[in-house]
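Report on the structure given below.
Numbers restart at 1 for each chain; the letters A, B, ... are given by sequence-line order, proteins then strands.
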2 protein chains.
Amino acid sequence: MPYKVNISVLVADDHPLLLKGLYDELSANGYTMVGMAKDGMEALELIIKHQPTIAFLDIDMPYLTGLEVIRTAKDKGIATHFIILSFLKDETYISQAKALQISGYLLKEDTAETIYKCIEKVMAGETFFSPSFNSESLQQVSLEFLKLKKLTPSELTILKLISKEKSNAAIAESLYISIRTVEKHRSNIIAKLELENNPNSLTIWAIQNKSLIKDIT
Amino acid sequence: MPYKVNISVLVADDHPLLLKGLYDELSANGYTMVGMAKDGMEALELIIKHQPTIAFLDIDMPYLTGLEVIRTAKDKGIATHFIILSFLKDETYISQAKALQISGYLLKEDTAETIYKCIEKVMAGETFFSPSFNSESLQQVSLEFLKLKKLTPSELTILKLISKEKSNAAIAESLYISIRTVEKHRSNIIAKLELENNPNSLTIWAIQNKSLIKDIT
DNA sequence: TGCAAAATAAGTAGGGCTACCCATTATCTA
DNA sequence: TAGATAATGGGTAGCCCTACTTATTTTGCA
């Protein structure tokens with residue numbers, strides 16, 4: 001474990017207060033701060049210039065998302081350890097982050113102690129995910145996710161249209177298929193998602209899970 | 001305009017870094033800080049105890065949401081000016097906030113300068129909404145709100161049940177009235193909300209605006 | 001190439017939501 | 001107290017969604 005002062009850190013977040021809070025916290029604790037960035041573009045520039053040991057990145061930033069910054073930096077062979085700092089407990093982001101082989105994923109609700117623990121683990125070559133991630137709700141999301149993956153491409157197409165409040169008639173028209181076919185797909189979707197036998201259960205589910213559906217391929 | 005030191009401020013947020021950042025920022029700028037709370041329960045206790053001039057509250061906190069804290073505090077006749085500080089540019093939250101007659105609504109992407117401007121306005125008796133909200137969407141929300149206010153008590157009761165995914169039959173049963181009455185109310189609600197003539201438009205609207213409906217009285 | 005899965009679609013039936021009509025009773029307020 | 005508003009509910013009709021069944025064609029993969 002190197003001295004803290006030999007660990008250079010960059011923080012990037014488009015929320016000024018949080019950015020300042022994190023910067024001051026780490027700075028006061030002896031880490032060498034190489035900069036703070038208020039958007040993805042700034043973050044990428046500073047990372048290329050300083051090649052910090054560790055970079056904390058928000059996901060949702062102007063110009064470039066944190067994930068895009070990581071992808072670009074890694075493409076350039078930069079060896080920085082990346083830690084995502086997001087306020088979203090979003091399953092799809094997690095899987096993307098894992099795909100990019102990032103070092104850690106923290107939530108903004110995590111305490112400073114958790115952040116230090118994360119840095120320790122990362123410097124030891126391990127990965128660290130926020131302890132909040134073992135919650136039931138996330139497993140629930142994963143469950144819904146698994147069910148969604150059972151859908152065939154056509155079913156998915158139709159589900160997306162349902163989530164956009166299209167009626168069967170409208171869906172049939174836009175896909176150049178019969179209403180009966182749409183109805184059949186709906187039935188199959190309902191079965192695969194294991195929805196209750198209530199009126200409009202599929203419509204309701206689709207609208208409630210709109211953001212989940214949007215990102216499925 | 002009173003001296004800053006005579007303005008007592010409380011901050012509440014379940015994101016430790018942001019909480020610390022905001023506290024330090026305001027503190028360093030001469031405001032009298034009466035405390036920081038990491039959840040809604042703590043926030044409410046401190047507000048009741050200290051009755052600060054201004055309270056900054058996050059919406060999404062453990063135990064009690066910021067909006068619930070405000071509702072409870074106002075019920076107790078506490079004269080604190082409430083400013084919401086949220087990550088979310090969610091229109092329904094805005095509506096709820098307006099329903100509670102809060103003093104300001106800031107986003108976490110706002111700068112410290114914006115926060116000070118907000119405090120100024122609030123101390124001058126005005127309200128302040130984050131510049132990130134375009135006036136269009138604010139007006140849109142106000143419009144929806146006005147429409148909702150046209151509903152009679154019975155219509156509102158039924159709308160709340162619709163937003164909980166109850167069918168007409170279930171609503172009729174729970175209110176001990178005829179399904180036909182429920183249907184009649186639905187028709188009237190649709191007319192008052194000026195919904196499009198699409199299948200299930202009311203069900204969809206109710207679910208999408210669930211959080212808005214919840215707080216109307 | 002041939003089989004399995006997926007996509008297509010129709011028949012029949014039933015239940016839910018909505019519109020437009022109507023009427024009665026209750027409640028509140030000027 | 002009278003008139004307006006709200007709440008109650010029936011008739012009829014239409015469209016939409018869903019279930020269960022059956023069947024044909026298309027597609028993808030082994």
Sequence neighbours left out, cut at 3.5 Å: what donor-acceptor pairs do the side chains of residues 10-19 of chain A make with other protein atoms?
from: A:D13; atom 1: OD1; to: A:H15; atom 2: N; distance (Å): 2.8
from: A:D13; atom 1: OD1; to: A:H15; atom 2: ND1; distance (Å): 2.7
from: A:D13; atom 1: OD2; to: A:K108; atom 2: NZ; distance (Å): 2.9
from: A:H15; atom 1: ND1; to: A:K108; atom 2: NZ; distance (Å): 3.3

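Looking at residues two or more places apart in sequence or on another chain, you find a side-chain contact (heavy atoms from CB on, under 4.5 Å) between B:D39 and B:M41, B:E42, B:P62, B:Y63. Residues meeting the salt bridge (charged side-chain N to carboxylate O under 4.0 Å, His left out) test with B:E126, sequence neighbours left out: B:K121. Applying the salt bridge (charged side-chain N to carboxylate O under 4.0 Å, His left out) test to A:K117 and every residue at least two apart in sequence or in another chain returns nothing. Under the salt bridge (charged side-chain N to carboxylate O under 4.0 Å, His left out) criterion, B:E155 pairs with B:K192, not counting sequence neighbours. With sequence neighbours excluded, the residues satisfying salt bridge (charged side-chain N to carboxylate O under 4.0 Å, His left out) with B:K150 are B:E194. Checked against side-chain contact (heavy atoms from CB on, under 4.5 Å), B:H81 has the following partners two or more places apart in sequence or in another chain: B:T53, B:I54, B:S103, B:V122.
Atom CG in A:N198 sits about 20 Å away from atom P in C:dG14, given to the nearest Å. Nucleotide C:dG14 holds its P atom 15 Å from the CG atom of A:N197, rounded to whole Å. Taking atom NZ of residue A:K166 and atom P of nucleotide D:dC16, one finds them 15 Å apart after rounding to whole Å. Rounded to an integer number of Å, the gap from CD of A:E165 to P of D:dC16 is 16 Å. Between B:H185 atom NE2 and D:dG9 atom C1' the separation is 10 Å, expressed in whole Å. A:N188 has its CG atom 10 Å from the P atom of D:dA19, to the nearest Å. The CD1-C1' distance, from B:I204 to D:dC17, rounds to 12 Å in whole Å. The nearest whole Å value for the distance from the CZ atom in A:R186 to the P atom in C:dA9 is 16 Å.
Screening residues 177-188 of chain B for salt bridge (charged side-chain N to carboxylate O under 4.0 Å, His left out) gives B:R180-B:E183 as the qualifying pairs, with residues at least two apart or on separate chains.
Residues B:Q208 and A:Q208 have side chains that never bring a donor and an acceptor to within less than 3.5 angstrom of each other. Residues A:N200 and B:T203 bring no donor and acceptor atom of their side chains to less than 3.5 Å of each other. In this model, no donor atom of one side chain and acceptor atom of the other lie less than 3.5 Å apart for A:S154 and A:T157.
Within the nucleic acid shown, B:T203 has no heavy atom closer than 4.0 Å to any nucleic acid atom.
Listed in residue order, the members of residues 167-174 of chain B having a heavy atom less than 4.0 Å from DNA chain D come to none. Near DNA chain D, meaning a heavy atom under 4.0 Å from it, residues 175-183 of chain B has B:I177, B:S178, B:R180, B:T181 in order of number.
Within the structure, a side-chain polar atom (N or O) of B:T152 is placed less than 4.0 Å from OP1 or OP2 of D:dA7. Within the 4.0 Å cut-off from OP1 or OP2 of D:dT18, not a single side-chain nitrogen or oxygen of A:S187 is found.
Rounded to 10°, the angle separating the first-five-pair axis and the last-five-pair axis of the helix from C:dT1-D:dA30 to C:dA30-D:dT1 equals 50°.
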With the criterion being N/O to N/O and under 3.5 Å, what pairs connect the protein with nucleotides 23-30 of chain D, and how long is each?
none

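Closest contact between the side chain of A:S154 and the listed nucleotides C:dA7, D:dA7, C:dC17 involves C:dA7.
Side chain of B:T80 to main chain of B:A55: no donor-acceptor pair is present (N/O by atom type, distance under 3.5 Å, no hydrogens or angles). When atom types are taken as modelled, the side chain of A:N209 and the backbone of A:W205 share a donor-acceptor pair closer than 3.5 angstrom.
Residue order along DNA chain D, read from the 5' end via each residue's closest nucleotide, puts B:I158 first among B:P199 and B:I158.
Under a 4.0 Å N-O distance rule, the pair B:E173/B:K166 does not qualify as a salt bridge.
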